[in-house]
Structure formats: structure tokens, C-alpha cells
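Reminder, nothing fancy here: chain letters follow the sequence lines and each chain counts from 1.
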2 protein chains.
Amino acid sequence: MKIRKEFTCPLEIVHDILKGKWKTVILWQIYIYGKVSLSQLEKDIKGISQKMLLEQLNELRKFGLVDKHTFEGYPLRVEYFITADKGKRIIEALGIMQEVGREYLMERAACNLEKRELSKEIED
Amino acid sequence: MKIRKEFTCPLEIVHDILKGKWKTVILWQIYIYGKVSLSQLEKDIKGISQKMLLEQLNELRKFGLVDKHTFEGYPLRVEYFITADKGKRIIEALGIMQEVGREYLMERAACNLEKRELSKEIED
DNA sequence: CGGTATCCTTCGCGATACTG
DNA sequence: CAGTATCGCGAAGGATACCG
């Protein structure tokens with residue numbers, strides 16, 4: 001994961017942390033559950049591999065956006081959760097993105113022309 | 001620019017649009033100015049090339065987050081601006097990221113230990 | 001000043017196999 | 001169930017040159 005060393009505004013630090021393909025979805029799914037196991041996240045997040053999931057979770061923990069509880073004994077059990085301070089703030093931003101994303105989908109559903117255009121954009 | 005076709009939640013659409021290295025900074029800088037020329041953005045955004053700037057601006061326009069006015073005659077002049085609908089919504093989310101980024105920097109400044117740790121993270 | 005085209009490198013991430 | 005290691009490809013993005 002690469003974070004630029006020279007930046008124009010502080011938001012770039014946060015963006016460099018979140019810019020990968022999976023971190024935002026992972027954060028959002030953990031937020032929805034409150035507390036959630038690794039295997040549950042793997043089931044819910046379409047297309048993710050266990051390796052990517054774990055890798056991204058560790059980076060999110062490193063930056064203090066996510067933490068986990070590990071329970072002793074077998075079967076093994078962990079619970080991932082959003083941190084109260086940094087994590088929750090980011091969730092606010094993701095909430096807005098979620099809403100804007102919803103609107104995109106509504107427009108696609110409402111208008112086939114736009115749907116075709118978005119498809120074209122996705123192809124590009 | 002690749003946008004995944006299967007997604008878990010709508011926020012992923014927005015994230016796939018913004019995930020590149022430059023779009024969030026570009027949006028924020030345009031927002032700060034209100035209206036701004038290409039050359040001004042190129043001056044302000046540290047490390048960006050004209051090619052990348054233009055490429056990203058065009059994608060942002062395609063998705064309706066940014067638009068531009070082109071003025072006739074010489075010298076050539078354009079003004080880029082955030083769209084009133086979709087663009088402004090995204091700016092809200094970026095505003096939160098900007099604040100969280102600020103806090104990161106404050107903590108770094110306040111505590112050398114954390115500063116060293118963030119540097120280590122940046123190296124990774 | 002604003003914009004396009006080409007070439008080349010790097011690193012994100014997917015596939016796969018293995019461990020406690 | 002939870003977690004680690006390796007390897008290869010393709011897309012993102014940097015450098016550079018050129019046009020209206």
C-alpha cells in the first residue's frame with residue numbers, strides 16, 4: 001500500500017489509505033453488522049478472496065479504523081468492529097457515498113438511456 | 001478506469017469512480033476555487049502532470065461530478081467547476097475525509113512516537 | 001494556455017497452495 | 001475457522017513529445 005509523501009491537502013492521506021478496491025466495502029459491511037467474523041465478511045462481500053480480505057483488514061487495523069477481539073479456544077472465533085473514534089468518522093463519509101451510489105442506481109433503473117451510457121462507461 | 005460489475009453495496013460504484021490517485025484532490029481543489037483554470041490546478045496539485053490532470057478531469061466530467069465552461073478567443077481560457085447536484089454531494093464526503101486527515105496530521109505533530117509509526121507505515 | 005498520443009514501469013490484486 | 005506465503009498479470013499512472 002502506497003501513501004504519497006507530498007500532498008496538497010490532508011484528505012489525500014485518508015484517500016491513500018482507502019483507495020484500494022476493498023477497504024470501503026469491508027468497512028461498510030463491518031459497520032452494518034456491528035461485530036462480525038471473518039467468514040461472514042467473506043460470504044457477504046462479492047468477489048473477495050480470503051487473502052485480500054485479511055490483508056485489507058490488517059491495514060485497516062494498522063490505521064486504527066478497525067479493531068478485533070480474538071476469543072480463546074476452539075473453534076477459533078474473532079469479531080471485527082469499527083473503532084469508536086477514527087472508524088466512525090470515516091463511516092460518515094462512506095454513508096454519503098452509499099447514498100450517492102443509491103441515486104446512481106435509481107437513475108439507471110428509471111432511464112434505460114442512462115443505463116446504456118453507464119454500461120458504456122463501465123466498458124471504458 | 002475499471003468499475004466492478006458485481007457489487008455488495010452501492011457505495012462501491014462511487015468508490016470505483018474516485019479510487020484513482022488524483023480525483024479526490026482535483027475535486028477538492030476545484031471546490032476551494034469555485035471556478036478554476038487548468039493551469040491553476042496544475043500549479044496547485046503537487047506532483048500531478050498535465051496529462052493525468054486532464055485525463056482525470058474528463059472522467060469526472062463524464063460522471064457528472066465536474067463540468068467546464070470554455071471561453072472563445074485567445075488566449076484560450078476554461079473554467080472547471082463542481083456540478084451543483086452530484087458534485088456537491090461528493091464534496092460533503094470529501095469534507096469529512098479532509099477533517100479526518102487534518103486530525104491525523106495534528107496527532108503526528110503532537111506526538112513524535114506516532115509520527116515515527118506513521119512514517120513506518122508509509123514505508124510499507 | 002489547453003489538449004492529445006505513445007511508450008514504459010510499477011504495484012494492486014487475483015489465483016493458488018499451505019499452516020495452526 | 002482464522003491466517004500466511006508465493007507468483008504472475010493487467011491496469012494505473014509517470015515521462016515525454018507534439019498540436020490548435
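Between A:Lys21 and the phosphate of C:dG14, there is a side-chain N or O to OP1/OP2 separation shorter than 4.0 Å. Dashed line: the shortest gap from a side-chain N or O of B:Asn58 to OP1 or OP2 of C:dT4 is under 4.0 Å.
If you take CD on A:Glu55 and CD on A:Gln50, they are separated by 12.0 Å, rounding to the nearest 0.5 Å. Going from atom CD1 of B:Ile32 over to atom CD of B:Gln29 covers 4.5 Å, rounded to the nearest 0.5 Å. Rounded to the nearest 0.5 angstrom, A:Glu92 CD and B:Glu92 CD are separated by 11.0 Å. Atom CD1 of residue A:Ile96 and atom CE of residue B:Met97 lie 11.0 Å apart, to the nearest 0.5 angstrom. Going from atom NE2 of B:His15 over to atom CD1 of B:Ile17 covers 11.0 Å, rounded to the nearest 0.5 Å.
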**Message:** Between B:Tyr80 and B:Leu38, does the side chain to side chain contact (heavy atoms under 4.5 Å, CB included) criterion hold? Intermediate values first, please.
**Reply:** CA-CA 8 Å; B:Tyr80 286 91; B:Leu38 188 72; 4.2 Å; yes

**Item:** Criterion side chain to side chain contact (heavy atoms under 4.5 Å, CB included) on A:Phe7 and A:Asp16, from CA distance to verdict
**Value:** CA-CA 10 Å; A:Phe7 47 84; A:Asp16 280 353; over 6 Å; no

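Taking a cutoff of 4.0 Å between a charged side-chain nitrogen and a carboxylate oxygen, A:Glu79 and A:Arg77 qualify as a salt bridge.
As rounded to whole Å, 14 Å separates atom P of C:dG12 from atom CD1 of A:Ile17. As rounded to whole Å, 16 Å separates atom P of C:dC13 from atom CG of A:Leu54. What separates CD of A:Glu72 from P of C:dG20 is a distance of 18 Å, to the nearest Å. The distance between atom CG of B:Asp16 and atom P of C:dG12, rounded to the nearest whole Å, is 16 Å. Atom pair B:Met52:CE and C:dT4:P shows a separation of 14 Å (rounding to whole Å applied). Rounded to a whole Å, the CZ atom of A:Arg4 is 12 Å from the P atom of C:dG12.
In the interface, the side chain of A:Lys2 is not paired with the base of C:dG12 through any donor and acceptor atom under 3.5 Å apart.
At the heavy-atom level, A:Lys23 lies nowhere under 4.0 Å from the strands shown. B:Thr70 comes within contact range of no nucleotide atom at all, as no heavy-atom separation falls under 4.0 Å. Contact annotation for B:Tyr80: backbone-only contact, meaning every heavy-atom pair under 4.0 Å involves sugar-phosphate atoms and none involves a base. Within 4.0 Å of A:Glu55, counting heavy atoms only, lies no atom of the nucleic acid at all.
Residue A:Lys19 is the one, among A:Leu76 and A:Lys19, whose nearest nucleotide of DNA chain C lies closer to the 5' end (criterion: closest heavy atom). Comparing A:Gln50 and B:Ser39 by the nucleotide of DNA chain C that holds the closest heavy atom to each, the one mapping nearer the 5' end is B:Ser39.
In this structure B:Phe81 satisfies the ring pair (Phe, Tyr, Trp, His ring centres under 6.0 Å) test together with B:His69, sequence neighbours excluded.
The terminal axes of the helix from C:dC1-D:dG20 to C:dG20-D:dC1, fitted over 5 pairs per end, subtend an angle of 40° to the nearest 10°.
Running 5' to 3' along DNA chain D, contacts with non-hydrogen atoms of chain A at under 4.0 Å begin and end at D:dC1 to D:dT6.
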